[in-house]
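Throughout, residue positions are numbered sequentially from 1 according to the sequence presented.
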Amino acid sequence: MSARKICVVTGTRADYGLLYWPLKELQKVQDIELQLVVTGMHLANEFGWTCKTIEEDGFVVTEKLEMLLSSDTNVGVTKSLGMAIIGFADIFERLKPDLLLLLGDRFEILAAAQAALIANIPIAHIAGGDTTEGAFDEAIRHSISKMSHIHFATNERSAKRLVQLGENPQYIFNVGSPGIDQIKRLQLLNREELEKRLDFQLRPQNLLVTFHPVSLEKNSAQKQFKELLNALDELGNDVGIILTKPNADPEGRDLIQMIDSYVTHKPNVKAFTSMGSLLYLSAMAQVDAVVGNSSSGLYEAPSFQKPTVNIGDRQKGRLQAASVLNCSPESIEIVAAIRNALGMDVGYVENPYGDGNTSSRIVKVLQEIPDYKVLLKKRFFDVEGI
């Protein structure tokens, strides 16, 4: 029997970091032909041209799809989405994969799912069932779940939500987050090595800060981010701040400009377009708290037993460890939350997103399903009692 073709799509440094070990596991399976499609931010110089990192990691990039417009307005992002659907339609016609493996809730991933749906390509989806009330990612994630046929949930609560969405419980698997695999398997840098690689001297106390645009909140992303920057100023120069720049979302470039302006003449602050998994997770291991509205503060930070200050509603609804402090996007509240976090003892905290064996579970499931095509004809599974 010929090898089954499994196509994986990555569009950002964030989803690639989570997909790294599933990709490595798929590479090792003899009866699976891995197809890797790289798109979105990976192919843009302003976001670090991270396609080269993927290739340096030993992966063969099967197709590259350029689809990002230079505009990050709502209209520009919508047009990028349309271009991506057209591009994926052509790519899937050439590659003819037996299965498409997707992760998360980005608009690039939505485009891949839409093209695969029309092309009758079964979809396996990682991290469906999560909720994030402060961004349109919520609707994208649930939409991808409804177009998918195999579901790899990161926790039991999300698995139950997928059942509520009418998905077949037989094909819903609670496997944990693949981000924990990275933490368990990577040989992280020590403090001295990290400082050298970052060209940045850590202070007595340090923060890792990531803030992404918000799309469903009352105040603009710029206003919320300004409140965060004001809060960081209140902490003084003795606190080291490592800033990572946001994704290609509406208002994302505005935040990047604000970061570039902010770091000028601030020796205690360093900003990075793309750190990669090794540097990012090594930094997380060395800092005293994680600050912002990134999912990494909820998914990965608890594994390092580091407190997280989660700002605003972008991650509202996600399962949270006891190490997560929530606050509104107001500078006074952010400062109070950061100071509280810096004094917390979270050494007892356990990560609710798994044990670091997610990737092997995903590949095992994909190997054990004999025929992906039989999954295409879905029916709605009613919740008991309806």
Side-chain angles (χ1 to χ4, degrees), residues 11-15 39-51 53 66-81 83 106-108 134-137 198-200 206-235 237 239-276 279-280 283 290-297 309-315 328-331 334-335 338:
T12 72
R13 59 185 186 265
D15 70 38
T39 187
M41 292 168 57
H42 289 306
L43 303 176
N45 283 324
E46 66 178 308
F47 296 108
W49 191 265
T50 45
C51 180
T53 302
E66 295 196 40
M67 40 70 67
L68 275 185
L69 297 182
S70 60
S71 167
D72 64 356
T73 65
N74 292 333
V75 172
V77 171
T78 304
K79 289 182 177 180
S80 294
L81 174 63
M83 290 175 61
R106 292 278 308 172
F107 64 86
E108 304 97 332
F136 56 53
D137 301 4
L198 296 182
D199 189 25
F200 179 70
N206 301 276
L207 304 175
L208 178 60
V209 181
T210 305
F211 191 87
H212 293 296
V214 292
S215 52
L216 296 179
E217 296 195 44
K218 180 174 63 175
N219 294 329
S220 68
Q222 296 100 309
K223 184 174 181 180
Q224 290 196 15
F225 191 53
K226 180 61 177 175
E227 292 289 320
L228 171 56
L229 296 180
N230 290 340
L232 296 178
D233 279 339
E234 288 291 319
L235 301 174
N237 294 331
V239 176
I241 298 169
I242 299 171
L243 269 167
T244 62
K245 294 183 180 181
N247 291 329
D249 289 310
E251 299 183 274
R253 289 178 175 87
D254 293 327
L255 300 193
I256 291 172
Q257 291 176 0
M258 292 174 71
I259 290 173
D260 289 339
S261 176
Y262 180 75
V263 300
T264 305
H265 307 304
K266 289 185 182 292
N268 66 312
V269 183
K270 189 82 180 270
F272 298 89
T273 299
S274 177
M275 295 179 71
L279 289 178
Y280 185 77
V290 176
V291 178
N293 62 5
S294 168
S295 61
S296 62
V309 174
N310 181 51
I311 301 170
D313 290 342
R314 190 172 187 270
Q315 301 298 333
S328 68
E330 304 288 339
S331 59
I334 296 170
V335 170
I338 292 174

Do you know the tightest heavy-atom contact between [X] and [Y]?
| X | Y | result |
| --- | --- | --- |
| Val263 | Ala271 | CG1-CB, 3.8 Å |
| Val239 | Leu235 | CG2-O, 3.8 Å |
| Pro246 | Ile256 | CD-CG1, 3.7 Å |
| Ala231 | Ser331 | CB-O, 3.8 Å |
| Met67 | Met83 | O-SD, 4.1 Å |

Passing option when Ile242 is tested against Asn206, Leu198, Val209 for side-chain contact (heavy atoms from CB on, under 4.5 Å) = Leu198
Using side-chain contact (heavy atoms from CB on, under 4.5 Å) as the criterion, list what pairs up with [X], not counting sequence neighbours.
| X | value |
| --- | --- |
| Ser274 | Arg13, Thr50 |
| Thr244 | Leu208, Thr210, Met275, Tyr280 |
| Val75 | Thr73, Lys79 |
| Ala14 | Thr12 |

Taking [X] for the side chain and [Y] for the main chain, is one N or O donor matched with an acceptor at less than 3.5 Å?
| X | Y | value |
| --- | --- | --- |
| Ser80 | Gly76 | yes |
| Asn293 | Ile311 | no |
| Arg314 | Pro213 | yes |

Any [X] side-chain heavy atom under 4.5 Å of [Y] side chain:
| X | Y | value |
| --- | --- | --- |
| Tyr262 | Asp233 | yes |
| Leu279 | Phe272 | no |
| Ile259 | Phe225 | yes |
| His42 | Glu108 | no |
| Val291 | Leu228 | yes |
| Gln224 | Phe211 | yes |

request  = Could you give me the CA-CA distance, side-chain angles and deciding distance for Leu207 and Val309, then say whether side chain to side chain contact (heavy atoms under 4.5 Å, CB included) is met?
outcome  = CA-CA 10 Å; Leu207 304 175; Val309 174; over 6 Å; no
remark   = In this structure, CG of Leu68 is separated from OG1 of Thr39 (nearest 0.5 Å) by 7.0 Å
request  = Measure the spacing between CG of Asn230 and CD1 of Ile334 and express it to the nearest 0.5 Å.
outcome  = 8.5 Å
task = Give a yes or no on this: more than 12 heavy atoms of other residues, nucleotides or ligands lie within 6.0 Å of atom NZ of Lys270.
result = yes
message = If the condition is side chain to side chain donor-acceptor pair (under 3.5 Å), which residues does Lys245 pass it with, not counting sequence neighbours?
response = Asp260
ask   = By side chain to side chain donor-acceptor pair (under 3.5 Å), which residues pair with Thr273, not counting sequence neighbours?
value = none
request  = Verify whether one side chain among Asn310 and Gln315 offers a donor that lies under 3.5 Å from an acceptor in the other.
outcome  = no
